[in-house]
Amino acid sequence: MCLHQLSLHPMCKKVRVRFAPSPTGGLHLGGVRTVLYTYLFAKKYGGDFLVRIEDTDQSRYVQGAEEYIFDTLRWCGLEPDESVQHGGAYGPYRQSERKASYRQYAEQLVKDGHAYYAFDTPEELEKMRHAPTAIGVKSEQNHSQQYDHTIRMKMRNSLTLPANETQKLLAENTKHVIRIKMPANETVSFTDMIRGEVSFETSLVDDKVLLKADGMPTYHLAVVVDDYLMKISHAFRGEEWLPSAPVHILLWKYLFGLNEMPQWAHLPLILGPNGKLSKRDGAKYGFPVFAMNWTDPKTNELIEGFKEKGFLPEAFINLLALLGWNDGGEQEIFTKQELVEKFSMERVHSAGAKFDYEKAKWFNHEWIKKSGVGSLKSEVSVLLTNNGLTFADDNLLDKVIGLVKDRCTLLPDFVQQSSFFFKAPDTLDVDAVKPKWNDAKKLFFAQLILNYELSADWNSHTIENNFKEIAAVNELKPGELMLPFRIMLVGGKFGPGVFEIAELLGKEETIKRISFFFKQL
RNA sequence: GGCCCGUUCGUCUAAGGGUUAGGACACCACCCUUUCACGGUGGUGAUACGAGUUCGAAUCUCGUACGGGCUACCA
């Protein structure tokens, strides 16, 4: 028998964890980090990772959101073992399809005296919230009266109505909900994997609705029932759920027993520059908030994603992992495999972390540098093609990627950094050359063309040696000639070494571009 | 308002009673490079505040302040 509440990862139970998103829109940083940690935990302990779609609120259902979630997980490399798409022995994995199973648990709670039927209409509830109390009129929304033990006996429910009246209302199919009956005076405490012991007074928690009038469970009931039925051993979720944890713990106690309850881990939130990270922050501060592009089907509003911004998935999960976790050493670049091996809940921070886009870009840059040409090729090739750049020679693309990848932070940088290899620049930054341009230099380049035309070898070394020899003959400093040369080949003041560029461009094209420059002056 | 969680350089973090409080991003300077980067070297920069416990506190306790979350028939 293990000490379920005390040990951080008791392995007496098969590790089974779930990511349980609502299909209501794009997946933001915080959501992806939650899946990441869940996934890492599962893989580290050889457990199962499943995805359960929490679509109990039909009014919030958004077309395409579910597909988006799986696309995102696939891109991140966080493939579930069980889900709507992957199958599994504990389905269905969509809560709307499990609707039938919830009611019996709610009814059981009523039978055991832990819950009750409530027939209050929306109008009655509204009236209750704003009713005058001993403290005065609760006008402000955030001061409103909760449906709790102080008021439940004044409302219309199976606690206040005669039994036969309740039966009659139920028999007539009167709209009703089932609410948990929170004990008036109990302390509920549990050990969170991240925060340690946390406790709540039940008298301060309201009688949450468990089963809605449409027969669907609320999150509170569904999460407990499904975690039980799916044999979840460790339940990860965002910190925003902490305040309702006592409700869930009580439900576990009443329904299945605390010994069966998974261990909870409430992950800290990821903050934006001004507090809570919102999807608006993206547009406001110029960084993505969602994992991948998301277009709201109703408003057609596009929220940019890390993928489309040019992040590598390896970099994305790496930076997310380090936002609130570290291995204790000074290593910051981790492969997914290393993360699986080194991840530990003990080292997850309890404080929320503010997202820093500059650091995020640094991670991506590191990953681009680290990545081999082969693994970057398909992405880069698509990017170039989309920008109207064509390349007949596959070999050339390999060489170009190898040459410029160290100076690319985001994938689209490859376009700017390498377009001139595939297409002569449209405009040349002649202003950078003009002020110091003179006949001596003009003569130099004329001689250079002749030299290159006769040159048998064409590689960066011979190109450079010949360049310098002619400069020496003309008593010119090579340094003063390299900038003009760069402008001729590239169009601007950027790119790798000029002689390497010339090599890849080839003799003919190099000469062509020098000649073209003369016409521009 | 109430409840809960949190607080080390601007940002992410290390240090689990004894360190000149360490690293990374960003920033600055220098070197390398006669482009821009990469790289290298160095620098600026933090324990929110106040009490207590202790020979000794970033670390333990309490209070205050500040930040965040929740307070729906949403998750």
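Numbers restart at 1 for each chain; the letters A, B, ... are given by sequence-line order, proteins then strands.
Out of B/rC73, B/rU7, B/rU13, the shortest distance to the side chain of A/Asn326 is found at B/rU13. Of all nucleotides listed (B/rC5, B/rC70, B/rC73), B/rC5 comes nearest to the side chain of A/Arg195. The nucleotide whose nearest atom lies closest to any side-chain atom of A/Lys477 is, among B/rC12, B/rU34, B/rG69, B/rU34. Side-chain proximity of A/Leu269 to B/rC73, B/rC4, B/rG68: nearest is B/rG68. With distances taken from any side-chain atom of A/Ser350 to the nucleotides B/rU7, B/rA75, B/rC12, the minimum falls on B/rU7. Distances from the side chain of A/Lys276 to the nucleotides B/rC5, B/rG69, B/rC3 place B/rG69 closest.
A/Ser59 comes within 4.0 angstrom of no nucleic acid atom, judged by non-hydrogen atoms across all strands. Across all strands shown, A/Lys369 has heavy atoms under 4.0 Å from sugar-phosphate atoms exclusively, and none from any base. Backbone-only contact: A/Ala351 has heavy atoms under 4.0 Å from sugar-phosphate atoms and none from a base. Nucleic acid contact for A/Arg486: base, since at least one base atom lies under 4.0 Å from a heavy atom of the residue. Across all strands shown, A/Val198 has heavy atoms under 4.0 Å from sugar-phosphate atoms exclusively, and none from any base. Among the protein residues, A/Pro21 comes within range of no part of the nucleic acid, since none of its heavy atoms lies under 4.0 Å from any strand. Note on A/Leu125: a base of the nucleic acid sits closer than 4.0 angstrom, heavy atoms only. When heavy atoms are screened at a 4.0 angstrom cut-off, A/Asp120 is found touching base atoms of the nucleic acid. No contact: A/Thr24 has no heavy atom under 4.0 Å from any strand. Using a 4.0 Å heavy-atom cutoff across all strands shown, A/Gly324 reaches sugar-phosphate atoms only and no base atom.
Taking the C1' atom of each, B/rU8 and B/rG16 are spaced 14 Å apart, rounded to whole Å. If you take atom P in B/rU53 and the same atom in B/rU47, they sit 24 Å apart, rounded to whole Å.
Looking at heavy atoms from C-beta onward, A/Trp264 lies in side-chain contact with A/His248 at the 4.5 angstrom threshold.
Distance, A/His130 NE2 to B/rA72 P: 10 Å, rounded to whole Å. A/Met128 places its CE atom 12 Å from the C1' atom of B/rC73, with the value rounded to the nearest Å.
For the OP1/OP2 pair of B/rA14 and a distance below 4.0 Å, the side-chain nitrogens and oxygens of A/His349 include at least one atom meeting the criterion. Contact annotation: A/Arg237 does not reach the phosphate of B/rG69 (side-chain N/O to OP1 or OP2, under 4.0 Å). Distances shorter than 4.0 Å separate some side-chain N or O of A/Arg347 from OP1 or OP2 on B/rA15. Side-chain nitrogen and oxygen atoms of A/Ser144 include none within less than 4.0 Å of the OP1 or OP2 phosphate oxygen of B/rU71. Remark: A/Lys354 is not in phosphate contact with B/rU7, judged by side-chain N or O atoms under 4.0 Å from OP1 or OP2. Between A/Lys405 and B/rA37, a side-chain N or O to OP1/OP2 separation shorter than 4.0 Å is absent.
For the ring pair (Phe, Tyr, Trp, His ring centres under 6.0 Å) with A/Tyr37, the qualifying choice from A/Phe236, A/Phe343, A/Phe19 is A/Phe343, the only one to do so.
For A/Trp362 and A/Tyr357, the ring centers are positioned 6.0 Å apart or more.
Taking CD1 of A/Ile53 as the start and CZ of A/Phe70 as the end, the distance is 4.5 Å to the nearest 0.5 Å.
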I'd like to compare against my own output: the B/S/- annotation of nucleotides 18-28 of chain B with a strict under-4.0 Å heavy-atom distance to protein. ----SSBB---
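Applying the side chain to side chain donor-acceptor pair (under 3.5 Å) criterion to A/Lys359, with sequence neighbours excluded, gives A/Glu332.
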Step by step, would you call A/Ser203 with A/Asn185 a side chain to side chain donor-acceptor pair (under 3.5 Å)? CA-CA 5 Å; A/Ser203 62; A/Asn185 221 338; 5.1 Å; no
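Contact check on A/Glu123 versus A/Lys127 returns no salt bridge, with no Lys/Arg side-chain nitrogen under 4.0 Å from an Asp/Glu carboxylate oxygen. Using a 4.0 Å cut-off between a side-chain N of Lys or Arg and a carboxylate O of Asp or Glu, A/Glu366 and A/Lys370 do not qualify as a salt bridge.
Although no hydrogens or angles enter the test, the distance criterion places no donor-acceptor pair under 3.5 Å between the side chain of A/Arg18 and the main chain of A/Val51.
With the nearest nucleotide of RNA chain B identified for both A/Leu204 and A/Pro122, A/Leu204 has the one nearer the 5' end.
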